[in-house]
Amino acid sequence: MTSTPEIFEQSFLVEKRHLDEQNHVNNVQYVQWVQDIAKAHWEARASQRQNLQYFWVVIKHEINYKKQAFLGNEILIQTYVSETSHVKSIRHVIIKNAETKKVLVEAKTTWALMDQEKKRPTKISEELKRIFQQ
């Protein structure tokens with residue numbers, strides 16, 4: 001059975017604190033947004049019990065910077081989980097200019113599910129896989 005990943009999204013305006021010396025969004029800020037959207041997606045979909053039992057840690061970021069964003073731009077961030085295997089999942093993040101729809105950044109990140117009590121990787125159950133599907 002094939003399932004379709006749910007696309008989770010958020011939008012906001014670029015603020016001065018997001019900028020670097022060249023007055024465009026700092027590359028480090030994009031990494032922060034990749035992490036923030038992953039956390040927001042998990043917290044929006046996971047039950048209270050799941051939030052208390054598990055947490056995610058990033059293993060790897062692959063980021064392609066395509067275009068710049070500037071002060072006042074509206075940003076749209078979309079994410080979805082494309083695959084899971086044992087303790088890892090692959091998450092994709094697309095950051096766009098909300099007005100022009102042009103892609104600014106594409107990221108592919110690998111995350112590991114951790115047991116809150118043991119602080120060790122733990123198997124991703126079918127139940128957990130389903131919370132990121134439509």
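Scope of the values below: all heavy atoms of this structure, side chains included, with no hydrogens, waters or symmetry mates.
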Subject >> Salt bridge flag under 4.0 Å for residues Glu83 and Lys88 >> reply: no
Subject >> Check: Gln68 and Gln22 side chains under 4.5 Å, non-hydrogen atoms >> reply: no
Original post:
Side-chain heavy atoms under 4.5 angstrom apart, residues restricted to Ile, Leu, Val, Met, Phe, Trp, Tyr: same cluster for Phe70 and Leu76?
Top reply: no
Original post:
If every non-hydrogen atom of Gln10 is compared with every non-hydrogen atom of Ala40, which pair is closest and at what distance?
Top reply: NE2-CB, 3.5 Å
Original post:
From Ile59 CD1 over to Thr110 OG1, what is the distance, rounded to the nearest 0.5 angstrom?
Top reply: 6.5 Å
**OP:** For Tyr80, check ring pair (Phe, Tyr, Trp, His ring centres under 6.0 Å) against everything at least two apart and list the hits.
**Re:** His92
**OP:** Measure across Ile124 and Leu128 and return the closest heavy-atom pair with its distance rounded to 0.1 Å.
**Re:** CG2-CB, 4.0 Å
**OP:** Following the transitive rule for hydrophobic clusters with a side-chain heavy-atom cut-off under 4.5 Å over Ile, Leu, Val, Met, Phe, Trp and Tyr, establish whether Ile94 and Ile90 coincide in one cluster.
**Re:** no
Original post:
Nearest heavy-atom pair of Glu9 and Gln78: which atoms, and what distance?
Top reply: OE1-NE2, 2.9 Å
**OP:** Please determine if Lys129 and Glu127 form a salt bridge, counting it only when a charged side-chain N lies under 4.0 Å from a carboxylate O.
**Re:** no
**OP:** Write down the atom of Trp42, the atom of Gln50, and the distance for their closest heavy-atom approach.
**Re:** CZ2-O, 3.7 Å
Original post:
Do Asn97 and Glu74 have side-chain heavy atoms sitting under 4.5 Å apart?
Top reply: no
**OP:** List, by chain and then residue number, the residues other than Val14 in its hydrophobic cluster (Ile/Leu/Val/Met/Phe/Trp/Tyr, side-chain heavy atoms under 4.5 Å); write none if there are no others.
**Re:** Phe8, Phe12, Leu19, Val25, Tyr30, Val31, Trp33, Val34, Ile37, Ile63, Tyr65, Leu71, Ile75, Ile77, Val93, Ile95, Leu104, Val105
**OP:** State plainly whether one hydrophobic cluster holds both Phe132 and Tyr54, where clusters connect Ile, Leu, Val, Met, Phe, Trp and Tyr through side-chain heavy atoms under 4.5 angstrom apart.
**Re:** yes
**OP:** Could you grab the distance from atom CG of Leu13 to atom CG of Asn73, nearest 0.5 Å is fine?
**Re:** 8.5 Å
Original post:
If every non-hydrogen atom of Val87 is compared with every non-hydrogen atom of Thr122, which pair is closest and at what distance?
Top reply: CG1-O, 3.2 Å
Original post:
Within a strict 4.5 Å, meaning less than it, do heavy atoms of the Ser82 and Arg91 side chains meet?
Top reply: no
Subject >> Pairs meeting criterion salt bridge (charged side-chain N to carboxylate O under 4.0 Å, His left out) with involvement of residues 97-107, two or more places apart >> reply: Lys66-Glu106
